[in-house]
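A short worksheet on the structure shown next.
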There are 2 protein chains.
Amino acid sequence: MSSSAQKYDVFQAIADPTRREVLKLLAHNELPISEITSHFPMSRTAIAKHLHILSEANLVSGQKVGREKRYRLQPETFQELKDWLSYYEQFWNNKLSMLKYVVESDNGDS
Amino acid sequence: MSSSAQKYDVFQAIADPTRREVLKLLAHNELPISEITSHFPMSRTAIAKHLHILSEANLVSGQKVGREKRYRLQPETFQELKDWLSYYEQFWNNKLSMLKYVVESDNGDS
DNA sequence: TTGACATAACACCAAATGGTTTCATATAAT
DNA sequence: ATTATATGAAACCATTTGGTGTTATGTCAA
């Protein structure tokens, strides 16, 4: 389960605006490639590539249903991002409280 | 104030592993470019470019101090990411809420 | 079985990305 | 004033990225 020599990680996957749009599309509905493609001004092949990248980053997964392949969100993976973010959260919280402190206690470089 | 035709947004900025390392380095200390560079196996110019990109995304800011330019984290910008993430949070945090959402917005094909 | 539909797999291409080296400019220190 | 330090900026390059079109394969319906 840990043998993934992934080419694309979550950070790269969400870097592209089109892929973020795809994620938004899949937020509620499971959709086949053609359906997804119909929302974008580009070829089905292009969207298929984006889906492949999202899939490699485990942000979506595809299930074959008949001749379709339905893609759905894999929201657990967003946790990875959240964890990364939470490390920095302390710093902006700190900064805000520090700003508060500065404003309240001292207003300059006397 | 909203005239920024940014070339790099937050998502692109954090897509690169080196840039994420830079952010980590700057988490606690304000540092000049040379100092930062000393932590990486690449040229100062390369790091300068990364800093420029991080700066354009408002993840860091640089202050000139003498002949140095000190870069520091600008943690407020991470909020943008957090907001984006929070949209998807409902889908993984609590399966009940997802179920609830699906049931309520029922657009099923039955 | 034949035809239409949905996707997969290539090969190809222009532009962006991430790095390099070299040269120029500003500040500090002697 | 000269030299060393810190950064900025430009030209260049290989690889990756994001798109294209074409062809092949699998599945559903007549």
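All chains are named by letter (A, B, ...) in the order of the sequence lines, taking the proteins before the strands, and each is independently numbered beginning at 1.
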What pairs meet the ring-ring contact (aromatic ring centres under 6.0 Å, His included) rule with one or both residues in residues 49-79 of chain A, with sequence neighbours excluded?
A/Phe78-B/Trp84, A/Phe78-B/Tyr88
Can you pull out every side chain to side chain donor-acceptor pair (under 3.5 Å) where at least one residue sits in residues 31-47 of chain B? Sequence neighbours excluded, please.
none
Please report the shortest heavy-atom distance between B/Thr77 and B/Ala57, naming the atom on each side.
CG2-O, 3.4 Å
Between B/Asn29 and B/Leu31 (side chain of the first, backbone of the second, donor and acceptor by atom type, cut-off under 3.5 Å), is there such a pair?
no
Between atom CD of B/Gln79 and atom CG of A/Leu85, what is the distance when rounded to the nearest 0.5 Å?
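Here the rounded value is 9.0 Å.
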Please evaluate residues A/Leu26 and A/Ile36 with respect to the criterion side-chain contact (heavy atoms from CB on, under 4.5 Å), reporting the C-alpha separation (whole Å), side-chain torsions for both, the decisive distance (0.1 Å), and the verdict.
CA-CA 9 Å; A/Leu26 294 177; A/Ile36 300 173; 4.0 Å; yes
Indicate for each nucleotide in nucleotides 17-27 of chain D, in 5' to 3' sequence, whether protein heavy atoms under 4.0 Å reach the base (B), only the sugar-phosphate (S), or nothing (-).
SSBBBB----B
Should side-chain heavy atoms under 4.5 Å link Ile, Leu, Val, Met, Phe, Trp and Tyr, which residues sit in the same cluster as A/Tyr8?
A/Ile53
Pairwise salt bridge (Lys or Arg N to Asp or Glu O under 4.0 Å) hits with a residue in residues 17-34 of chain B, at least two apart
A/Asp9-B/Arg20, B/Glu21-B/Lys24, B/Glu30-B/Arg72
Between B/Glu68 (CD) and D/dA6 (P), how many Å, whole number?
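These atoms are roughly 7 Å apart.
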Tell me, please, the opening and closing nucleotides of DNA chain C, 5' to 3', among those with an atom under 4.0 angstrom from a non-hydrogen atom of chain B.
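The contacted stretch runs from C/dT17 to C/dA28.
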